[in-house]
Amino acid sequence: MNSKRRKSSNKGKAPFRHKKSLGQNFLCDDAIIEAIVDSTEADDRTLVVEIGPGEGALTTKLVERAGRVAAIELDDRLIPILHTMFALHDNFRLIHEDILQVDLAALTEEEMREHGLEHLAVVGNLPYYITTPIIMHLLEAELPYRSITVMMQKEVGERLLAEPGTRLAGAITHAVHYHCEVSKVCDVPRTAFNPPPKVDSMVLRLNRREHPPIETADADFYFRCVKAGYALRRKTLPNALAAMEGVTREQIGRALEEANIDASRRAETLSMEEFARLADCLREE
Ligand code: SAM
């Protein structure tokens, strides 16, 4: 939004002071806004859950296109602004809460059932200080989404796009690839925001998989192993996994041998299949 328009819409009011602590960098590039909204593929049978609507840059387009929009915003000061902006849209619901505290499964189930909606899309220009917790919160809620379209810091986007078992991957890469197919929507320069952040950004689309790409006897145990492995990613697997509760070094040694994985390797070199094999062998110990 240019400063002239901002001035006239805020007539008589103090200008909005962006809070750095809440990751408030608002989008002001129409082409990027369009690309994000298009990526949701929202239609009148779709519920869109938006994380952090801010001053409504994405929301304005979403309410025109989706069956319903449930937007979750933490900042008290934005609540009256958003209520006023969307007062004439009866397909808009504002939830004034911390996204990490919202029971997303209950919210989406209720909204879809009450309004007869068939599809779910999640979207957000994320507050970067909690990108990873938000993505984990979304994945762990096991929602029936078709896609999650999220803006994040470029380096985090590259981590999520990386193949597990390659240098850029992290524990979150395993979680995301287990649940979703990941693709890049676009790169976003810092000039697309007001105020501009100190980093470049990237929009990713995560399409929910019907089935995970690997088989494992116990997905929770697989993720415990992945987390332990990456928590000490510079250490070899025996040293990193030894930090797991209830697991002995002898058991780790036998599991590595049975899974045919060299004990000198580090977690970051293991593919998802190898991690699954190792987790299954360790679980059997
Ligand atoms: N969607 C808007 C846009 O693209 O212009 C704003 C995006 S801004 C990067 C992130 C938004 O998330 C802000 O509105 C901020 O207040 C909100 N936010 C920050 N922490 C939050 C939290 N824990 N739960 C919900 N919203 C949060």
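The structure presented is a predicted model; accordingly, all values stated were derived computationally and were not measured. Position 1 is the first residue of the sequence; numbering continues from there. Just so you know, ligand 1 is whichever comes first in the structure, and atom 1 is the first atom listed for that ligand. Both backbone and side-chain heavy atoms feed into the values below; hydrogens, waters and symmetry mates do not.
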Looking at [Y] and [X], is any side-chain nitrogen of the basic one under 4.0 Å from a carboxylate oxygen of the acidic one?
{"X": "Glu274", "Y": "Arg265", "result": "yes"}
{"X": "Arg208", "Y": "Glu142", "result": "no"}
{"X": "Arg113", "Y": "Glu109", "result": "yes"}
{"X": "Asp30", "Y": "Lys61", "result": "no"}
{"X": "Glu158", "Y": "Lys184", "result": "no"}
{"X": "Glu181", "Y": "Arg205", "result": "no"}

Inset, instruction - Just jot down the ligand 1 atoms closer than 4.0 angstrom to any heavy atom of Ala57, in number order. - result: 5 (O)
Legend entry - Proximal ligand 1 atoms for Ile72, defined as those under 4.0 Å from one of its heavy atoms: 25 (C), 26 (N)
Please classify the [X] to ligand 1 contact at 4.0 Å (heavy-atom distances, strictly less than): side chain, backbone, both or neither.
{"X": "Leu78", "answer": "side chain"}
{"X": "Ile130", "answer": "side chain"}
{"X": "Asn25", "answer": "backbone"}
{"X": "Tyr129", "answer": "side chain"}
{"X": "Glu97", "answer": "backbone"}

Inset, instruction - Return yes or no for this condition: an N or O of Asp75 is under 3.5 Å from an N or O of ligand 1. - result: no
Legend entry - Heavy-atom nearest option to atom 8 (S) of ligand 1, drawn from Gly52, Ala71, Ser21, Gly23: Gly23
Inset, instruction - Would you mind finding which of Leu74, Val102, Asn194 brings a heavy atom closest to atom 22 (C) of ligand 1? - result: Leu74
Inset, instruction - Might you confirm whether atom CG of Asp90 has over 12 heavy atoms from other residues, nucleotides or ligands at distances under 6.0 Å? - result: no
Inset, instruction - May I ask whether Leu126 has any heavy atom positioned less than 4.0 angstrom from an atom of ligand 1? - result: yes
Inset, instruction - Answer yes or no for Glu50: is there a heavy-atom contact with ligand 1 below 4.0 Å? - result: yes
Inset, instruction - Please work out whether the ring planes of His179 and Phe223 are parallel, tilted or perpendicular, with thresholds of 30° and 60°. - result: parallel
Legend entry - CD-CG distance between Glu110 and Asp103, expressed to the nearest 0.5 angstrom: 10.0 Å
Any idea which protein heavy atom is nearest [atom], and the distance to it?
{"atom": "atom 19 (C) of ligand 1", "result": "Leu22 O, 3.2 Å"}
{"atom": "atom 5 (O) of ligand 1", "result": "Leu27 N, 2.8 Å"}
{"atom": "atom 18 (N) of ligand 1", "result": "Pro127 CG, 3.8 Å"}

Legend entry - Full working for side chain to side chain donor-acceptor pair (under 3.5 Å) between Tyr145 and His119: CA-CA 7 Å; Tyr145 59 86; His119 308 300; over 6 Å; no
